[in-house]
Protein chains: 2
Amino acid sequence: MPPVGASRDEAPKAPRADAQRNTALVLAAARRAVAAHGLTVSYHEIARLAGVGVGTVYRRFPERDQLMGAVLIDILDELICEANQALDNPDAWAGFRNLFTLLALRTGENAGLSDSLDERGGPQVAQRRSRLLELLRRATLRAQQAHVLRDDVAWHDIPFLAQGATSAVCVLGLHAGPLQAQQAVTVILDGLRRS
Amino acid sequence: MPPVGASRDEAPKAPRADAQRNTALVLAAARRAVAAHGLTVSYHEIARLAGVGVGTVYRRFPERDQLMGAVLIDILDELICEANQALDNPDAWAGFRNLFTLLALRTGENAGLSDSLDERGGPQVAQRRSRLLELLRRATLRAQQAHVLRDDVAWHDIPFLAQGATSAVCVLGLHAGPLQAQQAVTVILDGLRRS
DNA sequence: GACAAACGGACAGGATCTGTCCACTTGAGA
DNA sequence: TCTCAAGTGGACAGATCCTGTCCGTTTGTC
């Protein structure tokens, strides 16, 4: 099987420009769709939001886990970046506070996303999640060692508090105002800070 | 139309004993089902949890709103009772704290239940919700006037903080332990309390 | 013991989602 | 500019799940 195999060694050609554009559109739409409708949002809805046909979404992400994984990786990378900045921040509390705030926003927007991919997300997701948790652990311990964060919370309590700050959008018929999340973050951070 | 009409004036006969028992079973099952699967849980699932046939569920609650309304009334009455106790408590902070804690547990368990019935819940739900909110408002103001609750939170921020404390059950692959909710409630109450 | 009330669950009908297919459009290299 | 492979859209078939009804059977009550 000589000449036929020649193509074997060729570098895989880059996708066409419109294909790349559509991939980005689909990803962005999926992120909004998951935030708005939850994890079970249909491919049709994502396609509608992206302004492409369903066929295009299925062609890019034949498996639902691939698509959700890509969305999650997007979010995890953003959080990992913030976590690194938190550790570099000379002010341990300011670093922790910024990380907590972003964590609150992202986990609130995409509640449940990370968890549904517990096992099926593949190594790319698992590795990033571990990395983020490790950075969060270090940022938490650092703040505690600097005596600015109360000692009776564990690092793994932080994500629960963060998600809680932003996940409630409507309770007892009351609708969350635009500043509701920020208000909750403030109160919780005050509760976390060592007096 | 004389003798036929006689039945018109008779008091409506009480349901049979097994029917009453089943109504209670269905209600309890619905409460668990909503907590576990959300508002869109199917009648089949509720019937399964209750250990009755679907027909029985439909016979008792032909309209979904009736069933959800009944569940919600159950919860609201419990909260109203606690709110009244909060106002009677000589210790303004203790009263507020107890109310907040129960609010956290119930709104976390049944996130979204109250809101979906915003309009369709009927007067029985609307009246109870108004009543609860009014009591919550008074309990909050009372705690602020006693200088035990920070002034920069409004009474209508409280339900959002409460629901947030308990709604997160799984974040970034971490699963909430049995004490997670209590821990969050503690931190948030510390954030709310005036130092 | 008789009978009305209540029950269970099979089933039809409807809504929604998944995933494919193919006629048509578009980008890129010659 | 031309050619053609790559890419697209969206109709459609099939699968899945939910709703709501109906009727033969069971059960409580008088």
Side-chain angles (χ1 to χ4, degrees), chain A residues 3-4 6-8 10-30 32-34 36-71 112-113 116-117 120, chain B residues 3-4 6-8 10-30 32-34 36-71 112-113 116-117 120:
Chain A
V4 181
S7 66
R8 283 259 184 94
E10 289 171 14
K13 231 192 293 184
R16 251 167 50 176
D18 56 341
Q20 292 182 39
R21 196 165 50 239
N22 280 338
T23 301
L25 285 174
V26 168
L27 254 182
R32 276 177 290 142
V34 169
H37 299 95
L39 284 165
T40 57
V41 66
S42 73
Y43 266 41
H44 274 85
E45 174 63 11
I46 294 169
R48 199 185 59 77
L49 280 175
V52 303
V54 253
T56 299
V57 183
Y58 276 104
R59 204 172 306 110
R60 292 283 168 284
F61 302 97
E63 301 289 325
R64 172 172 278 264
D65 285 351
Q66 287 174 27
L67 175 52
M68 294 305 159
V71 170
L113 175 56
S116 76
L117 294 174
R120 298 163 297 149
Chain B
V4 180
S7 67
R8 286 254 182 95
E10 287 170 14
K13 233 193 288 185
R16 248 167 54 175
D18 56 343
Q20 293 182 40
R21 196 165 50 239
N22 279 338
T23 301
L25 285 174
V26 167
L27 253 183
R32 276 178 290 142
V34 168
H37 299 96
L39 284 166
T40 56
V41 65
S42 73
Y43 266 42
H44 275 85
E45 174 63 13
I46 294 170
R48 199 185 60 77
L49 281 175
V52 303
V54 257
T56 298
V57 183
Y58 276 104
R59 206 172 304 113
R60 292 283 167 286
F61 302 97
E63 302 289 325
R64 173 173 276 263
D65 285 351
Q66 288 174 27
L67 175 53
M68 295 304 159
V71 169
L113 175 57
S116 77
L117 295 173
R120 298 163 298 146

Colleague: With A/Arg16, which residues qualify under salt bridge (charged side-chain N to carboxylate O under 4.0 Å, His left out), at least two apart?
Modeller: A/Asp18
Colleague: Can you name the residues that form a side-chain hydrogen bond (donor to acceptor under 3.5 Å, both in side chains) with A/Thr23, not counting sequence neighbours?
Modeller: A/Arg60
Colleague: What pairs with A/Arg48 under side-chain hydrogen bond (donor to acceptor under 3.5 Å, both in side chains), at least two apart in sequence or on another chain?
Modeller: A/Glu45
Colleague: Between B/Val41 and B/Met68, which heavy-atom pair has the shortest distance, and what is it?
Modeller: CG1-CE, 4.3 Å
Colleague: Holding to side-chain hydrogen bond (donor to acceptor under 3.5 Å, both in side chains), I want the full list of residues that pass it with B/Asn22, two or more places apart in sequence or in another chain.
Modeller: none
Colleague: Chain B on DNA chain D: first and last contacting nucleotide, 5' to 3', under 4.0 Å to a heavy atom?
Modeller: D/dC18 to D/dT29
Colleague: Might you point out which heavy atoms bring A/Val26 and A/Ile46 nearest each other, and give the distance in Å?
Modeller: O-CG2, 4.1 Å
Colleague: Nearest whole Å is fine: how far is C/dT26 C1' from A/Asn22 CG?
Modeller: 11 Å
Colleague: Which pairs count as ring pair (Phe, Tyr, Trp, His ring centres under 6.0 Å) when at least one residue sits in residues 44-67 of chain A, sequence neighbours excluded?
Modeller: A/Tyr43-A/Tyr58
Colleague: List the atom of A/Ala33, the atom of A/Leu49, and the distance in Å for their closest heavy-atom pair.
Modeller: CB-CD1, 3.6 Å
Colleague: Which residues pass the side chain to side chain contact (heavy atoms under 4.5 Å, CB included) test with B/Pro15, sequence neighbours left out?
Modeller: B/Ala19, B/Gln20
Colleague: Anything under 3.5 Å between a protein N or O and an N or O of nucleotides 28-30 of chain C, put it in a table, one pair a line.
Modeller:
unit_1: C/dA28; atom_1: OP1; unit_2: A/Ala17; atom_2: N; d: 3.3

Colleague: Contact class for B/Arg60 vs. all strands (heavy atom < 4.0 Å): base, sugar-phosphate, or nothing?
Modeller: sugar-phosphate
Colleague: Testing the basics here: between B/Ala70 and B/Leu27, what is the closest heavy-atom pair and its distance to 0.1 Å?
Modeller: CB-CD2, 3.6 Å
Colleague: I'd like to compare against my own output: the B/S/- annotation of nucleotides 9-20 of chain C with a strict under-4.0 Å heavy-atom distance to protein.
Modeller: BB------SBBB
